[in-house]
Amino acid sequence: MNYIFAFFLASASSLGTIYLTISSVPSLIDSNGISWTFWEIGLIYGFSLIPIGLDHLFTDELWRVAYFRVANGTVDRYFLRPLPILFQIIAERFQFDAFGELIVGIFLIVICSLNTSVCWNFQAIFLLIVASIFGAIIISSLKIIFSSLAFRFKKSGPLLQIVYNFRDYSRYPINIFPKALQFILCFAFPFGLFSSLPFEAILKGTYNCYYLSSIIAGVSILFLSFSMFIWIINIRKYESTGS
């Protein structure tokens, strides 16, 4: 409960920063000439917490692998069991703290929806369900890729943190950023693909909801397949550092 309260305060602080940033103008205009209000950006912010929270529930142990489990040799026990190593690591811990992100995300979506003209029809709800589930898969895939580098280099936590920090940009309309960063957020580390773009489709009609849903699902499958490939390659390079 303390974690949820702390996370709520952190989110409120971030939203306060957004409000102060755009309060001097009636709305934020992106590079496509699309206008965004504070409450619409709040919707993006709130929803971005949902796939992050779903990933956090199940794959938080990968952070420990990236930072110290490989370096101190405590992953050796996974190699001694007749079960897939990745399955053992993920099954190690169910992170209840993630409910803080989910609760705050849902709360923000509800509050911000009441102050916008968003239409919650079937295609909008369908898109957000797809973006939540497959967005979480994309996040988990990125964590698998970069945490697996620890099997080769002993530690990969700082690199994983750098990649994970790109999620902060996905809490805003991605078209307010330079083209290079837009490319990264859509293709390299596609946090914007499943958080910002769905609300461009729902609020602004920029994309077809079903078409965007298929793209998000397809990209998640590609990332998951690639992450499994990289994971297998790197665990084969593992040499124990334990005593």
Side-chain angles (χ1 to χ4, degrees), residues 14 17-18 21-22 27-37 40-56 59 62-63 66 105 124 127-149 156-231 233-234:
S14 297
T17 301
I18 296 173
T21 301
I22 69 172
S27 60
L28 183 67
I29 308 296
D30 65 22
S31 59
N32 292 329
I34 297 176
S35 174
W36 293 88
T37 67
E40 290 172 337
I41 296 175
L43 270 176
I44 298 175
Y45 185 98
F47 177 73
S48 71
L49 300 177
I50 304 301
I52 290 173
L54 291 175
D55 162 75
H56 189 185
T59 67
L62 289 171
W63 286 101
L127 173 57
L128 293 190
I129 292 174
V130 169
S132 297
I133 296 173
F134 288 98
I137 292 174
I138 291 174
I139 298 172
S140 298
S141 298
L142 289 170
K143 288 168 70 174
I144 290 170
I145 291 170
F146 289 95
S147 65
S148 73
L149 295 177
S156 62
L159 181 59
L160 175 57
Q161 187 64 62
I162 290 172
V163 173
Y164 199 72
N165 284 344
F166 276 92
R167 78 194 189 282
D168 293 336
Y169 297 104
S170 70
R171 296 169 177 174
Y172 305 88
I174 64 173
N175 286 318
I176 68 173
F177 299 116
K179 293 294 183 182
L181 185 53
Q182 292 180 36
F183 178 86
I184 292 173
L185 292 173
C186 285
F187 300 103
F189 312 132
F191 293 99
L193 178 66
F194 57 81
S195 58
S196 174
L197 295 189
F199 279 97
E200 283 199 31
I202 294 171
L203 292 170
K204 310 300 181 180
T206 309
Y207 308 99
N208 179 275
C209 289
Y210 297 117
Y211 179 66
L212 184 57
S213 296
S214 65
I215 291 178
I216 294 171
V219 168
S220 72
I221 293 171
L222 288 175
F223 266 78
L224 183 60
S225 300
F226 181 68
S227 69
M228 293 295 99
F229 174 73
I230 297 299
W231 177 269
I233 289 177
N234 284 323

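Residue numbers count from 1 along this sequence.
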Check: Of the non-hydrogen atoms in Lys143 and Tyr164, which two are nearest, and what is the gap between them?
Finding: CD-CE1, 4.4 Å
Notebook entry, point to check: What closest approach, in Å, do Ser132 and Pro51 show between heavy atoms, and which atom pair accounts for it?
Noted result: O-CB, 3.6 Å
Next item on the list: Please check if the side chain of Arg171 supplies one atom and the backbone of Asp168 the other of a donor-acceptor pair under 3.5 Å.
Entry: no
Are [X] and [Y] side-chain neighbours, meaning at least one heavy-atom pair lies under 4.5 Å?
X      : Y      : value
Trp36  : Tyr172 : no
Leu128 : Phe47  : yes
Leu185 : Ser196 : no
Ile174 : Tyr169 : no

Under 3.5 Å, sequence neighbours excluded: what are the donor-acceptor pairs made by side chains of residues 212-221?
{"residue": "Ser213", "atom": "OG", "partner": "Cys209", "partner atom": "O", "Å": "2.8"}
{"residue": "Ser214", "atom": "OG", "partner": "Tyr211", "partner atom": "O", "Å": "2.6"}
{"residue": "Ser220", "atom": "OG", "partner": "Ala217", "partner atom": "O", "Å": "2.7"}

To the nearest 0.5 angstrom, please state how far the [atom1] atom of [X] sits from the [atom2] atom of [Y].
X      : Y      : atom1 : atom2 : value
Leu149 : Ser147 : CG    : OG    : 8.0 Å
Leu142 : Leu62  : CG    : CG    : 11.5 Å
Met228 : Ser148 : CE    : OG    : 9.0 Å
Asn165 : Leu160 : CG    : CG    : 9.5 Å
Ile138 : Ile133 : CD1   : CD1   : 12.5 Å
Tyr45  : Leu43  : OH    : CG    : 13.5 Å

Checklist line | Ile145: side-chain contact (heavy atoms from CB on, under 4.5 Å) partners, not counting sequence neighbours | finding: Phe226, Ser227, Ile230
Contacts under 3.5 angstrom, residues 187-195 side chains, donor-acceptor by atom type, not counting sequence neighbours:
{"residue": "Ser195", "atom": "OG", "partner": "Ser170", "partner atom": "O", "Å": "3.1"}
{"residue": "Ser195", "atom": "OG", "partner": "Ser170", "partner atom": "OG", "Å": "3.4"}
{"residue": "Ser195", "atom": "OG", "partner": "Phe191", "partner atom": "O", "Å": "2.7"}

Item checked: Summary of salt bridge (charged side-chain N to carboxylate O under 4.0 Å, His left out) pairs that have at least one residue in residues 133-142, sequence neighbours excluded -> none
Notebook entry, point to check: Can you list every salt bridge (charged side-chain N to carboxylate O under 4.0 Å, His left out) pair that touches residues 199-226, not counting sequence neighbours?
Noted result: Glu40-Lys204
Next item on the list: Show your reasoning for whether side chain to side chain contact (heavy atoms under 4.5 Å, CB included) applies to Phe199 and Ile41.
Entry: CA-CA 9 Å; Phe199 279 97; Ile41 296 175; over 6 Å; no
Notebook entry, point to check: Which residues pass the side chain to side chain donor-acceptor pair (under 3.5 Å) test with Ser140, sequence neighbours left out?
Noted result: Asp55
